[in-house]
**Student:** 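Have a look at the structure that comes next, please.
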Amino acid sequence: MDSNNTNRKVVVYTSETGFTKKYAGWIAEDLKCEVMDIKDWRNQKPADYQTVIYGGGFYAGSIKGLKKIKEQMKAYPDVKLIVFATGATPAESKEIIQGAMDANFTAEEKKNIPAFYFQSGLNYEKMSLKYKIMMKMFAGMMKKKADKTPEEQAMAEMLTHSYDYCKKENMKEFLEYSE
Ligand SMILES: Cc1cc2nc3c(=O)[nH]c(=O)nc-3n(C[C@H](O)[C@H](O)[C@H](O)COP(=O)(O)O)c2cc1C
């Protein structure tokens, strides 16, 4: 860890079912920096850091916890904020991902906050009841949908079970930017 404060980085995450936490741990390992849950971040002083890397999962199009951290970091314009989001959308669905990312940032924020997407998976065992019900409803809708594109057909099948597609390779572009 860089303790002289010249380039102190921290990875902060919100993770409901563990995927974002896994990526956060990998990033911290690679960048040799601290990593902490958003709950522990509340006791920290953002001004002690040069870079805050925030990660959250996509939940019905919104990156979990992003609004709050963006709001908090407005008071620290000298601290760089970098965002990563995890999701079940396949990495190849670039337009869908771009659209989802765009919806989470204003035009002004896009200029200042680099944002990256890492494909993850689904974990029904760790999902809260509320999320399990939402997911089952969405999976049911996708299954019933007529004239599915091959992309939608693949998605409909993926939604029926737990899987983990997290790979360190997915972070390549992000690490090239952040190192
Ligand atoms: C209720 C619910 C809604 C979701 N919505 C999306 C979504 O809009 N886009 C997407 O790509 N993935 C979606 N996912 C998948 C999650 O983003 C994915 O599992 C993520 O990695 C979860 O991160 P976490 O376990 O760290 O919270 C959703 C999952 C659940 C349970």
Side-chain angles (χ1 to χ4, degrees), residues 10-31 33-42 52-70 81-105 109-110 113-145 148-175 178:
V10 61
V11 186
V12 181
Y13 63 86
T14 304
S15 189
E16 295 285 327
T17 62
F19 291 113
T20 310
K21 183 177 180 180
K22 176 149 55 177
Y23 275 116
W26 283 343
I27 293 169
E29 235 174 72
D30 215 278
L31 301 181
C33 70
E34 288 170 75
V35 55
M36 66 186 76
D37 189 285
I38 190 74
K39 293 185 189 101
D40 300 316
W41 174 243
R42 290 185 196 126
V52 173
I53 298 162
Y54 178 76
F58 266 111
Y59 283 86
S62 293
I63 302 169
K64 191 116 192 150
L66 180 64
K67 263 194 193 150
K68 274 194 188 156
I69 195 112
K70 279 193 309 197
L81 177 63
I82 304 176
V83 170
F84 71 94
T86 67
T89 307
E92 303 77 53
S93 303
K94 294 200 187 306
E95 274 180 34
I96 295 174
I97 294 164
Q98 193 57 55
M101 279 292 192
D102 282 352
N104 279 268
F105 297 92
E109 287 167 352
K110 270 177 230 166
I113 309 173
F116 298 84
Y117 175 78
F118 307 151
Q119 186 179 359
S120 57
L122 288 173
N123 188 328
Y124 281 98
E125 290 72 31
K126 289 194 188 161
M127 256 176 230
S128 66
L129 183 61
K130 181 181 105 180
Y131 284 154
K132 216 180 271 184
I133 292 169
M134 276 170 71
M135 228 32 235
K136 289 280 177 200
M137 278 169 62
F138 185 54
M141 266 164 52
M142 284 298 284
K143 197 176 166 197
K144 279 193 209 132
K145 188 175 184 290
K148 287 193 269 292
T149 63
E151 229 175 16
E152 287 169 337
Q153 180 61 41
M155 193 68 189
E157 278 157 28
M158 301 282 279
L159 288 171
T160 59
H161 57 274
S162 295
Y163 65 93
D164 183 346
Y165 279 12
C166 292
K167 276 187 284 184
K168 286 188 177 176
E169 272 163 63
N170 296 345
M171 313 189 306
K172 196 169 170 272
E173 205 185 315
F174 165 86
L175 290 174
S178 307

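These numbers come from a predicted model, not from an experiment. Both ligands and their constituent atoms are indexed starting at 1 by order of listing.
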**Student:** Report yes if the side chains of I38 and W41 come closer than 4.5 Å at any heavy-atom pair, otherwise no.
**Tutor:** yes
**Student:** Whether K126 engages the ring of F19 as a cation-pi pair (distance to the six-membered ring centre under 6.0 angstrom, angle to the ring normal within 45°) should be assessed.
**Tutor:** no
**Student:** So which protein residues pack against ligand 1 under 4.0 Å, heavy atoms counted?
**Tutor:** S15, E16, T17, G18, F19, T20, G57, F58, Y59, A60, G61, T86, G87, A88, T89, Y117, S120, G121, L122, M127, Y131, M134, M135
**Student:** With the threshold set at 4.0 Å, does a side-chain nitrogen-carboxylate oxygen contact exist between K130 and E16?
**Tutor:** no
**Student:** Within 45 degrees of the axis of the six-membered ring of F118 and under 6.0 Å from its centre: does K22 put its NZ or CZ there?
**Tutor:** no
**Student:** How far apart are the C-alpha atoms of L175 and L31, what are their side-chain angles, what is the distance that settles it, and do they pass the side chain to side chain contact (heavy atoms under 4.5 Å, CB included) test?
**Tutor:** CA-CA 8 Å; L175 290 174; L31 301 181; 4.2 Å; yes
**Student:** Can you pull out every salt bridge (Lys or Arg N to Asp or Glu O under 4.0 Å) where at least one residue sits in residues 85-96? Sequence neighbours excluded, please.
**Tutor:** none
